[in-house]
*Asks:* 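Okay, here's the structure, questions in a sec.
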Amino acid sequence: MKNLNINQEEIQVLKKLIYFIKFECEDEEASLFSGSKLVNSILKKIMLVDEFNVHQTDRFKNIDNDFKENVLNKLRKEQFYINMSQDRKLEYVNDILFPYKIDEIG
């Protein structure tokens, strides 16, 4: 295993890139990464070493309802999502919304 050393500016760029791919990009191919456990793992590690993350502890406690509903409305049109159990849907939606977390789909 190799280690990677990056500075604080590079951390911020990586976070912005991941947030863009997860939450803003409309490209269908980018949607493959929005719920990726690997991308979420990288984001979690970045957040742990981010010097500015201390100031953002409350940022991800509450998700904007319109944003959440937008994600859910897109998913409700997809057959693979329709066929999932409720538990699997919640897990999948939380993967997409990470670092936000929801307790129910509604």
*Asks:* Report yes if some heavy atom in the side chain of Asp27 is under 4.5 Å from a heavy atom in the side chain of Ile21; otherwise report no.
*Replies:* no
*Asks:* Tyr81: which residues meet the ring pair (Phe, Tyr, Trp, His ring centres under 6.0 Å) condition with it, sequence neighbours left out?
*Replies:*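 If we apply the ring pair (Phe, Tyr, Trp, His ring centres under 6.0 Å) test to Tyr81, skipping adjacent residues, there are no hits.
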*Asks:* When rounded to the nearest 0.5 angstrom, what is the spacing between OH in Tyr19 and NZ in Lys15?
*Replies:*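 It comes to 4.5 Å.
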*Asks:* So Phe52 and Ile11, side-chain contact (heavy atoms from CB on, under 4.5 Å) or not? Walk me through it.
*Replies:* CA-CA 10 Å; Phe52 299 118; Ile11 288 171; over 6 Å; no
*Asks:* Between Gln8 and Asp50, does a side-chain contact (heavy atoms from CB on, under 4.5 Å) hold up when you go through it step by step?
*Replies:* CA-CA 7 Å; Gln8 187 61 39; Asp50 181 7; 2.4 Å; yes
*Asks:* Tell me if a side-chain donor or acceptor on Asn94 pairs with a main-chain N or O of Leu90 at a distance below 3.5 Å.
*Replies:*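 Flag set: sc Asn94 to bb Leu90 pair under 3.5 Å.
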*Asks:* Look only at the side chain of Glu10 and the backbone of Asn7, and say whether a donor-acceptor pair between them is shorter than 3.5 Å.
*Replies:* yes
*Asks:* Nearest 0.5 Å, please: how far is CD in Glu104 from NZ in Lys89?
*Replies:* 14.0 Å
*Asks:* Is it possible for you to say whether Ile6 and Val49 belong to one hydrophobic cluster, with membership spreading through side-chain heavy-atom contacts below 4.5 Å?
*Replies:* yes
*Asks:* Can you give me the closest heavy-atom contact between Phe23 and Phe98, atom names plus distance?
*Replies:*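 What the structure gives for the nearest pair is CZ-O, 3.4 Å.
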*Asks:* Between Ile63 and Phe67, which heavy-atom pair has the shortest distance, and what is it?
*Replies:* CD1-CD2, 3.5 Å
*Asks:* Between Arg76 and Glu69, is there a side-chain N and carboxylate O pair less than 4.0 Å apart?
*Replies:*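 Salt bridge between Arg76 and Glu69, a charged N being under 4.0 Å from a carboxylate O: yes.
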*Asks:* Flag yes if Leu17 and Met47 sit in one hydrophobic cluster, no otherwise; membership is Ile, Leu, Val, Met, Phe, Trp, Tyr, and two members link when side-chain heavy atoms are under 4.5 Å apart.
*Replies:* yes
*Asks:* Got a list of side-chain donor-acceptor pairs under 3.5 Å for residues 37-44, not counting sequence neighbours?
*Replies:*
from	atom 1	to	atom 2	distance (Å)
Lys37	NZ	Glu91	OE2	3.4
Lys37	NZ	Asp95	OD1	3.4
Lys37	NZ	Asp95	OD2	3.0
Asn40	OD1	Lys22	NZ	2.8
Asn40	ND2	Asp95	O	2.8

*Asks:* Any Lys/Arg nitrogen of Glu26 or Lys74 sitting under 4.0 Å from an Asp/Glu carboxylate oxygen of the other?
*Replies:* yes
*Asks:* Given the rule that I, L, V, M, F, W and Y join up when any side-chain heavy atoms are under 4.5 Å apart, are Leu48 and Phe60 in one cluster?
*Replies:*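 No, Leu48 and Phe60 fall in different hydrophobic clusters.
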*Asks:* If hydrophobic clusters are built from ILVMFWY residues whose side chains come within less than 4.5 Å, do Leu72 and Phe80 share one?
*Replies:* yes
*Asks:* To the nearest 0.5 angstrom, please state how far the CG atom of Leu97 sits from the CD1 atom of Ile102.
*Replies:* 5.5 Å
*Asks:* Between CD1 of Ile18 and OG of Ser34, what distance do you get to the nearest 0.5 Å?
*Replies:*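 That separation rounds to 12.5 Å.
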*Asks:* Are the aromatic ring centres of Phe20 and Phe33 under 6.0 angstrom apart?
*Replies:*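 Ring-ring flag for Phe20/Phe33: false, centres at least 6.0 Å apart.
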